Amino acid sequence: MADDHHGPTVRIYLAVFASLMFLTALTVWVAFQDLGMFNDVVALGIACTKATIVILFFMHVKYASRLTWLLAGAGILFLLILFAFAMADYVSRGWLGMPASHYLQ
Amino acid sequence: MADHALHHDHPHGLAHQFEDMPQQKESAVIGMWSFLITEILFFGGFFATYLIYRSYYPEAFFEGSSHLDIPLGAFNTMVLIISSLTMAMAVHKSHEGNKKGIMVYLILTGILGLTFLVVKYFEYSAKIEYGLVPGLVWHPQGENSPQLALFYSLYFGMTGMHALHMIIGIGLLIWLFIKTAQGTYTAEYNAPVEIFGLYWHFVDIVWIFLFPLLYLLGTQAGGH
């Protein structure tokens, strides 16, 4: 692509915009369908897809240097570490059916 | 010595510590992404708190969410997506050094940002009217009132911090607009427009997650 240097073309921006609008409508529609526990999964899946599109095209990461990729990736990695470790603690509390103080004696 | 520095042949906008414009711009973009990492983790703390209490008190979160206005939330989501498009276009125009183009798209972005805040103002007013503001006016009396208060604390904390970012963004937009009008940005020197665009899109992404997590959750209130 000739335009690689300056980022995406106007046509790509419009396509990105159209897909973001479509995904917004989709996420509202899906919210009114009863999918049980999968409502959350679908809603977060759509949100992650939208975020990825914004990062790659509007924020030019697709066209950026590898160092920029590394920084954007590091942000997401540390966010996942924050979620994973916090949830690992809170979700597993009570699994052993005895208070934590039991171990402190 | 000073004379030498003064007469040094610098392109417009190039700080003396950089080799050339692309290197300077790369540094600006890298610097902005470093800042955005801290922002990701700042909002990440909110999202982690949401995740934990949501998993502890799903019913209260469903109920709290069902009082939020989905049409207004969806409208604001679209407003922010359009503003991201106009911001991307402002950056696009800055690459061409098109001063008038940058100004037009910055104004559109600013108007859309203000539209978002006005809608948010009406939403907050309604919450105050119905007594759904923990610590200020709190009417729910039911058994799960404390858990409901947790949901609304998170609602105001998260959307409030997001709105604060929007207000700061609009302030920066006005500054950028003035600098553009003064002819500061050219096809070669436009890094400030570009890195402000990164900030604006980031704030949009935060809302992309807030909308389903806060507003759309309540549609399942009848479930379990």
Side-chain angles (χ1 to χ4, degrees), chain A residues 3 5-10 12-14 16-17 20-21 23-25 27-28 30-37 39-40 42-44 46-55 57-61 64-65 67-72 74-76 78-83 85-87 89-91, chain B residues 22 26 29-34 36-41 43-45 47-49 51-56 70-71 73-74 77-78 80-82 84-89 91-92 95-96 187 194 197-198 200-202 204-206 208-213 215-220 222-224:
Chain A
D3 224 5
H5 234 64
H6 290 312
T9 59
V10 175
I12 292 177
Y13 281 142
L14 290 174
V16 163
F17 170 71
L20 289 172
M21 288 304 235
L23 288 169
T24 303
T27 197
V28 173
V30 163
F32 287 95
Q33 314 305 311
D34 189 6
L35 307 177
M37 63 175 290
N39 275 97
D40 281 345
V42 174
L44 280 178
I46 292 174
C48 289
T49 309
K50 285 167 78 180
T52 308
I53 294 173
V54 172
I55 290 169
F57 296 100
F58 281 167
M59 296 173 91
H60 297 175
V61 168
S65 66
L67 190 54
T68 312
W69 275 92
L70 187 69
L71 280 161
I76 295 161
F78 280 98
L79 184 68
L80 293 178
I81 290 174
L82 171 67
F83 289 162
F85 280 63
M87 287 314 280
D89 173 7
Y90 279 90
V91 169
Chain B
E26 172 80 356
V29 169
I30 296 296
M32 194 61 195
W33 269 104
S34 313
L36 289 183
I37 291 178
T38 72
E39 287 277 89
I40 290 170
L41 290 171
F43 279 101
F47 283 104
T49 311
L51 212 59
I52 289 161
Y53 283 123
R54 160 89 194 274
S55 67
Y56 273 28
I70 292 177
T77 307
M78 291 191 282
L80 278 194
I81 291 173
I82 302 169
S84 262
L85 175 69
T86 56
M87 191 60 227
M89 286 305 298
V91 172
H92 191 75
H95 289 162
E96 296 168 355
E194 177 129 359
L198 292 179
W200 193 262
H201 297 310
F202 168 78
D204 184 16
I205 290 174
V206 171
I208 283 175
F209 284 98
L210 288 180
F211 174 57
L213 289 178
Y215 288 76
L216 295 179
L217 187 61
T219 55
Q220 304 302 314
H224 4 244

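Here the structure is a predicted model, which means the values were calculated and not measured. Numbers restart at 1 for each chain; the letters A, B, ... are given by sequence-line order, proteins then strands.
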Check each atom of A/V91 against the heavy atoms of chain B and say whether the ones under 4.5 Å are side chain, backbone, both or neither.
neither
The reported gap from CE in A/M21 to CD1 in B/I81 (rounded to nearest 0.5 angstrom) is 6.0 Å
Please tell me if the side chains of B/I82 and A/F17 come closer than 4.5 Å, counting only heavy atoms from C-beta onward.
yes
Portion of B/S84 that has a non-hydrogen atom of chain A nearer than 4.5 angstrom:
both
Under 4.5 Å from any heavy atom of chain A - which part of B/V206:
neither
B/E39 portion near chain A, given a 4.5 angstrom heavy-atom threshold
neither
Name the region of B/E96, side chain, backbone, both or neither, that has any atom closer than 4.5 Å to a heavy atom of chain A.
neither
Quick check on B/Y56: does its OH atom have over 12 non-hydrogen neighbours (other residues, nucleotides or ligands) under 6.0 Å away?
yes
Looking only at heavy atoms and a cut-off of under 4.5 Å, which of B/A74, B/S34, B/A88 has the most pairs with chain A?
B/A88
With side-chain contact (heavy atoms from CB on, under 4.5 Å) as the criterion, how do A/V28 and B/F211 come out once you've worked through the C-alpha distance, each side chain's angles and the decisive distance to 0.1 Å?
CA-CA 10 Å; A/V28 173; B/F211 174 57; 3.8 Å; yes
Heavy atoms of B/H92 and A/Y13 approach each other most closely as ND1-CE1, 3.9 Å
Using non-hydrogen atoms only, which part of A/L79 is less than 4.5 Å away from chain B: side chain, backbone, both, or neither?
both
May I have the step-by-step check of side-chain contact (heavy atoms from CB on, under 4.5 Å) for B/I208 and A/I46, ending in yes or no?
CA-CA 9 Å; B/I208 283 175; A/I46 292 174; over 6 Å; no
Check the angle between the aromatic planes of B/H95 and A/H60 and answer parallel, tilted or perpendicular using the 30° and 60° thresholds.
tilted
Between A/D40 and B/L217, does a side-chain contact (heavy atoms from CB on, under 4.5 Å) hold up when you go through it step by step?
CA-CA 8 Å; A/D40 281 345; B/L217 187 61; 4.2 Å; yes
Using non-hydrogen atoms only, which part of B/I70 is less than 4.5 Å away from chain A: side chain, backbone, both, or neither?
side chain
Report yes if some heavy atom in the side chain of B/L85 is under 4.5 Å from a heavy atom in the side chain of A/V16; otherwise report no.
no
Proximity breakdown for B/I52 and chain A, heavy-atom pairs closer than 4.5 Å
both
Among A/A25, A/A51, A/A64, A/A43, single out the residue with the greatest number of heavy-atom pairs under 4.5 Å to chain B.
A/A51
Taking every non-hydrogen atom, the tightest pair across B/I37 and A/L71
CD1-O, 3.3 Å
What verdict does the side-chain contact (heavy atoms from CB on, under 4.5 Å) test give for B/I205 and A/M59, after you've listed the backbone C-alpha separation in whole Å, the side-chain angles of each residue and the deciding distance to 0.1 Å?
CA-CA 11 Å; B/I205 290 174; A/M59 296 173 91; 3.9 Å; yes
Could you report the tightest heavy-atom contact between B/A48 and A/F83, atom names first, then the distance?
N-CE2, 3.5 Å
Residue, of A/N39, A/V61, A/T24, that accumulates the most heavy atom pairs under 4.5 Å with chain B
A/N39
If you take all heavy atoms of A/L82 and B/G45, which pair is closest and at what distance?
CD2-N, 3.8 Å
When the 4.5 angstrom heavy-atom criterion is applied to A/F58 and chain B, the contacting part is both
Closest contact, heavy atoms only, B/L216 versus A/T27
CD1-O, 3.6 Å
Before accepting this row, confirm whether a basic side-chain N of the pair A/K50/B/D204 lies closer than 4.0 Å to the acidic partner's carboxylate O.
no
B/F209 and A/C48, any side-chain heavy atoms less than 4.5 Å apart
yes
CH2 of A/W69 to CH2 of B/W33: how many Å apart, nearest 0.5 Å?
10.0 Å
OG1 of B/T77 to CG of A/L20, rounded to nearest 0.5 Å, is 11.0 Å
